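Reminder, nothing fancy here: chain letters follow the sequence lines and each chain counts from 1. Please read these numbers as outputs of a predicted model, since none were measured by experiment.
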Amino acid sequence: MPKELLNKEDIERIITRMAHEITERNRGVQSLCLIGIQRGGAHLARRLALKLGGIGGKTIPVGVLDIALYRDDFAVRKEQPVVRRTEVPFEISNEKVVLVDDVLFTGRSIRAAMDAVMDLGRPSAIQLAVLVDRGHRELPIKADFVGKNVPTSLEETVRVQFAEDGLEDRAVLE
Amino acid sequence: MSLKSKDLVSIRGLDASDIGLILETAAGFKDVLGRDIKKVPALRGKTTVNLFYEPSTRTRTSFELAAKRLSTDVVNFSVSTSSVVKGESLRDTALTIQALGADIIIVRHSCSGVAHFLADNLGASVVNAGDGTNEHPTQALLDLFTIQERKEAIKGLRVAIVGDILHSRVAKSNMYALTTMGAKVRLIGPPTLVPEALEELGVEIFSDMDKGLRDVDIVMMLRIQMERQGKGFFPTTVEYFRNWGLTPERLSRAKKDALVMHPGPMNRGVEIASDVADGHNSVILDQVTNGLAVRMAVLYLLAGVKG
């Protein structure tokens, strides 16, 4: 039986809170840009950018990153991961990049994402914002901004769905 | 998502969803090629061998760059300086290369069926870079990618393939690929070079170029293969140009926004006029750029098929 972790209103509140946290930590939104990891992170990044823009009074550049080509599990996967578009239509060198993902789990996606970002330029800093941190890290990676910490077992999965994909905003534990 | 076979030997072995997957994956790689760092670590640790028994600059270079940008190690096996001149058989050469640890073998040969033979005999992935007069699958895939980039849907387009169909592996691969994706194909050329039997594949055949080009969306020119001529298929190159060369006047029969394509290398003034080759309908250089992205997609996807 899937257990609801976050509903539409929860997600909305979390995005508002994270936008304020990001602004506070960076003392404003100067030289800040957001990069969402395909696919869930991309939706979150766009929403977060709108919110941040509202707070900071300027448009925040937002891009999407595909990490398929940077994964570390080619040898053990049955199929090649689907290659999607990376669209980061702005210069990231000397900017502060906030990586955005929906669920933080082993940390391997974030490792791949950091390598992918480094191939696009040399940001002055990379920070990490996630909607759900479910634990079980396999790498020394920690999120700077967390929507909700959820203790999970390895057998469970956390699924986040978004209105952008034609579904209702929610996060569930299955 | 993955392809079903470890090899890419012919377009005939692919269905519309395979072709769709390759084109979609290639779009992701085209992004990579536009960056400052045009390289991704996806196939780190793999080894690619270029085994070319026929002269080729662009295809070999394109495959080599594609493999390097995926971070594989690339070895170019040049037949003229190898044990092949000492009489080693094709199979032995290929087995030796495989024993050296090659994961992907890209082969071009003047005999039809060589890629198929190697695919059956090797555990490594085999990519056909042109076998005799049979197929050149990556060329057809890059042509499709180029068409899709400009025209969005391939389905329903009218495509004319013009020239020496008989000897052209590019024409054959394109014919299969285009009809699989729902395009309407016309073949245009001298009757000596366009086998009538091809009508069975659902294509139309024209010997009158002005009629054949009427209202087409794509004009795909083929290279007159001087090295495969000399058997009197047409009298002279001058006469060939007069009847089947693509001139601005001829091109005006096609749709106004028709794309002009050519797999290269071009014989300017034989099959295509310079004005057309360099004109605004021409996407010939796009084809070259897209070839890199498509070959990266093919290598990437084949590497995902577990033997």
Side-chain angles (χ1 to χ4, degrees), chain A residues 33 35-42 45 61-95 97 99 106-124 126 139 141 165, chain B residues 1-6 8 17-18 20-48 66-72 101 103-104 125 141 145 148-149 290 292-307:
Chain A
C33 60
I35 296 182
I37 298 173
Q38 290 270 35
R39 301 183 43 190
V62 54
V64 298
L65 191 68
D66 178 62
I67 58 163
L69 301 169
Y70 292 84
R71 299 182 68 102
D72 60 10
D73 56 355
F74 287 109
V76 293
R77 284 175 71 98
K78 279 208 200 73
E79 297 195 320
Q80 293 294 71
V82 175
V83 178
R84 299 178 204 279
R85 302 285 182 108
T86 286
E87 284 164 37
V88 181
F90 45 84
E91 186 55 54
I92 63 162
S93 289
N94 304 314
E95 299 288 302
V97 171
L99 271 178
T106 61
R108 288 178 190 268
S109 300
I110 305 303
R111 197 282 309 160
M114 286 194 287
D115 279 356
V117 165
M118 293 298 186
D119 276 0
L120 299 175
R122 187 180 185 279
S124 63
I126 298 180
L139 296 172
I141 281 169
D165 292 325
Chain B
M1 293 281 278
S2 283
L3 296 173
K4 293 164 198 91
S5 161
K6 72 173 174 66
L8 178 62
S17 78
D18 292 331
L21 173 64
I22 294 169
L23 300 183
E24 221 172 278
T25 306
F29 283 113
K30 184 137 193 209
D31 277 3
V32 173
L33 296 175
R35 298 184 196 158
D36 284 347
I37 298 178
K38 300 174 180 57
K39 189 166 177 138
V40 290
L43 299 190
R44 219 163 18 149
K46 303 255 183 211
T47 303
T48 304
K68 284 182 169 164
R69 291 191 168 160
L70 288 164
S71 301
T72 81
D103 300 287
I104 302 169
S125 286
L141 292 167
F145 184 86
Q148 207 174 49
E149 219 173 29
N290 291 338
L292 209 44
V294 167
R295 290 182 175 119
M296 285 174 83
V298 166
L299 299 181
Y300 170 77
L301 290 169
L302 289 181
V305 181
K306 304 289 185 278

> Between A:Arg85 and chain B, with a heavy-atom cut-off of 4.5 Å, which part of the residue counts as in contact: side chain, backbone, both or neither?
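Backbone plus side chain of A:Arg85, per the 4.5 Å heavy-atom cut-off to chain B.
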> For B:Arg44, I'd like to know if atom CZ has over 12 heavy atoms of other residues, nucleotides or ligands within 6.0 Å.
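For B:Arg44, atom CZ is not crowded (no more than 12 foreign heavy atoms under 6.0 Å).
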> Sequence neighbours left out, what passes salt bridge (Lys or Arg N to Asp or Glu O under 4.0 Å) with B:Lys38? Give chain and number order.
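Once residues adjacent in sequence are excluded, B:Lys38 has no partner under the salt bridge (Lys or Arg N to Asp or Glu O under 4.0 Å) criterion.
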> Under 4.5 Å heavy-atom distance to chain A, tell me which part of B:Lys39 shows up: side chain, backbone, both or neither.
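It is the backbone, since no side chain atom gets that close.
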> Heavy atoms only: give me the nearest B:Gly304-A:Gln80 pair and the separation to one decimal.
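It is CA-CG, 3.1 Å.
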> Is the count of non-hydrogen atoms from other residues, nucleotides or ligands lying under 6.0 Å from A:Asp73 atom CG greater than 12?
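More than 12 heavy atoms, drawn from other residues, nucleotides or ligands, come within 6.0 Å of this atom.
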> Non-hydrogen atoms of chain B under 4.5 Å away: do they reach the side chain of A:Asp66, the backbone, both or neither?
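When you check distances to chain B, no heavy atom of A:Asp66 falls under 4.5 Å.
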> List the atom of A:Pro81, the atom of B:Tyr300, and the distance in Å for their closest heavy-atom pair.
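For A:Pro81 versus B:Tyr300, the nearest heavy atoms are O-OH, 2.6 Å.
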> Please identify, among B:Gly28, B:Gly34, B:Pro41, B:Ala26, the residue contributing the most non-hydrogen atom pairs under 4.5 Å to chain A.
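Of the candidates given, the most pairs with chain A belong to B:Pro41.
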> Under the rule for side chain to side chain contact (heavy atoms under 4.5 Å, CB included), what residues qualify as partners of B:Asp18, not counting sequence neighbours?
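Residues passing side chain to side chain contact (heavy atoms under 4.5 Å, CB included) with B:Asp18: B:Leu3, B:Lys4, B:Leu14, B:Asp15.
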> Where do A:Thr86 and B:Asp31 come nearest, in terms of heavy atoms and distance?
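In this case the closest contact between A:Thr86 and B:Asp31 is O-OD2, 2.9 Å.
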